[in-house]
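Numbered from 1 within each chain, the chains take letters A, B, ... in sequence-line order.
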Number of protein chains: 2
Amino acid sequence: MTELEKQTEEKIFEAATDVFIEKGMDGARMQEIADRAGINKALLHYYYRSKEKLFDAVFTIIAKQMLKRFAPVFDENLTLEEKIRFYYQQQTDFMKRSPRLPLFILNEVSRNPQRVKNVLKHLDHTNLLKILEEQHGDEFARYKINRETLPQIMTSIAAMSIFPFVAKPIIEAIFEKFGTNFNEYIERRVDFATAFTYNAIKSREK
Amino acid sequence: MTELEKQTEEKIFEAATDVFIEKGMDGARMQEIADRAGINKALLHYYYRSKEKLFDAVFTIIAKQMLKRFAPVFDENLTLEEKIRFYYQQQTDFMKRSPRLPLFILNEVSRNPQRVKNVLKHLDHTNLLKILEEQHGDEFARYKINRETLPQIMTSIAAMSIFPFVAKPIIEAIFEKFGTNFNEYIERRVDFATAFTYNAIKSREK
DNA sequence: AAACGGTTTAACCATATGGTAAAATTTTAA
DNA sequence: TTAAAATTTTACCATATGGTTAAACCGTTT
């Protein structure tokens, strides 16, 4: 029973995750979630009182999973270059497995910006900044990285890793014309992005 | 009459554009489009037989507008660095005015990848490659840009310019914690991205 | 002015959707 | 074993939605 309960709740959650990621909040249908979970609609509402609640549960978990990917960047004992590679590697691996996930998150966050604040609530920014500056103070100085350029660099790194998956259908369609293969492109992406990013940063040294 | 017709059709089109961009295909309601256009639902179906048809009309126009932004990169008589700056400038200006547009396109294309092929149908890729290689053959050689690295570079440039707007709510929420202002960040984005990109490319020179 | 063609409206319709009530079934505790 | 508690199902409801029909309106032509 507790076992079965977990099975049922788990099944519902997995089905809901799939459907929400695939169709978004608006496009998802409670009936479809129920069907995929192998139960009926009323049971869905028994476990999660409303579509909104179910969505919130799914979204929160997924967003946190995604956020976790960024954590090692702060506590690993690596050089800046190694850290950049590590981030690209982690992020790319993750998105190869769940390619629709980033667009889903961007989309739902954009439709309800409040959501992101809930997920970030427990993020300690003062601590993160301190860690980064302690670990890489010398490199920051050498490459003139400060509180103005750091956001530019970090969003650029995020962009370079996430965007290809978000724009996959467009990129694939263009590549098709030019005879390029998307999977090969992705395979080389980590190496390219690491070199590209680190070279760009290094060249800030006067 | 023909005048009024155009006015009405125009009003419908503008209202539909706003609603679709704001809510997406699934979230948009025909009633809301009618309300915003100041007409009723039946008139909507008189001009555009179905929601699908209306959406297609809106999407096609918008996607083509977006695509046009890329054109000057190929026929302007500029150096590679100038071209990069020019692209970032154009794209950023455009998205400052229509910040929801890129996410809308990415989203709908992802839900129906066929759409992108329709828009790209008349794109002459052989010609584009030729132009680029003629105009920048020397720079391509110097910086070791070939048919394998060119896609990496171009998607990186697109990513760096588009991603900040697509992820705006997330970036804003994080910036808020760190005391950074999104608009100031965007103001500096063109300069930063141009330097970042061109430095990364230049450093490919051995 | 009457007929005509395009335009607009009000009133509908069928269906899909999120959600609920209450009965039936199963599980747990006594 | 039996009563209670939890779980699952059947049958429903109210509302929203995309779409249609038929009549009214209005400017143009004859």
- Message: With a 3.5 Å cut-off and heavy atoms only, can you find an N or O donor on one side and an acceptor on the other between the side chain of A:Lys51 and the base of C:dG19?
- Response: no
Whole-Å distance, B:Tyr47 OH to D:dG19 C1', equals 18 Å
(message) With a cut-off of less than 4.0 Å, is there a side-chain N or O of A:Tyr46 near OP1 or OP2 of D:dT9?
(response) no
Here the distance between atom C1' of D:dT17 and atom CG of B:Leu54, to the nearest Å, is 15 Å
Which of C:dG19, C:dT7, D:dT9 is nearest the side chain of A:Met30? It is C:dG19
To the nearest angstrom, the CD1-P distance between B:Ile12 and D:dG18 comes to 15 Å
From the candidates C:dG18, D:dG19, C:dT7, the one with an atom nearest any side-chain atom of A:Lys41 is C:dG18
From CG of A:Leu44 across to C1' of C:dT17 the rounded distance in Å is 13 Å
Worksheet item: Any side-chain heavy atom of B:Tyr48 sitting closer than 4.5 Å to one from B:Phe55?
Response: no
To the nearest 0.5 Å, atom CG of B:Leu101 lies from atom CD1 of B:Ile21 at 4.0 Å
In whole angstroms, the gap separating C1' of D:dG18 from CG of B:Asp26 amounts to 13 Å
When rounded to whole Å, the CZ to P distance for the pair B:Arg49 and C:dT7 reads 15 Å
Residue pair A:Ala42/A:Arg29 against DNA chain C: nearer the 5' end by closest nucleotide is A:Arg29
Point to revise | Under 4.0 angstrom between B:His45 side-chain N/O and D:dG19 OP1 or OP2 | key: yes
| task | Inspect the contact between B:Arg204 and B:Glu139 and indicate whether a charged nitrogen and a carboxylate oxygen are less than 4.0 angstrom apart. | result | no
Quick note, A:Asn40 side chain, CB onward, closest among D:dG19, D:dT9, D:dT7 is D:dT9
Quiz item: Any side-chain N or O of A:Thr8 under 4.0 Å from OP1/OP2 of D:dT8?
Solution: yes
B:Ile39 CD1 to C:dG6 P, in whole Å, measures 19 Å
Please classify the nucleic acid contact of A:Ala34 as base, sugar-phosphate, or nothing, using heavy-atom distances under 4.0 Å.
nothing
Under 4.0 Å between a side-chain nitrogen and a carboxylate oxygen: does that hold for A:Glu81 and A:Arg85?
no
Interatomic distance, CZ@B:Phe140 vs CD@B:Glu134, rounded to 0.5 Å, equals 11.5 Å
Atom CG of B:Leu43 and atom P of C:dT8 are separated, to the nearest Å, by 5 Å
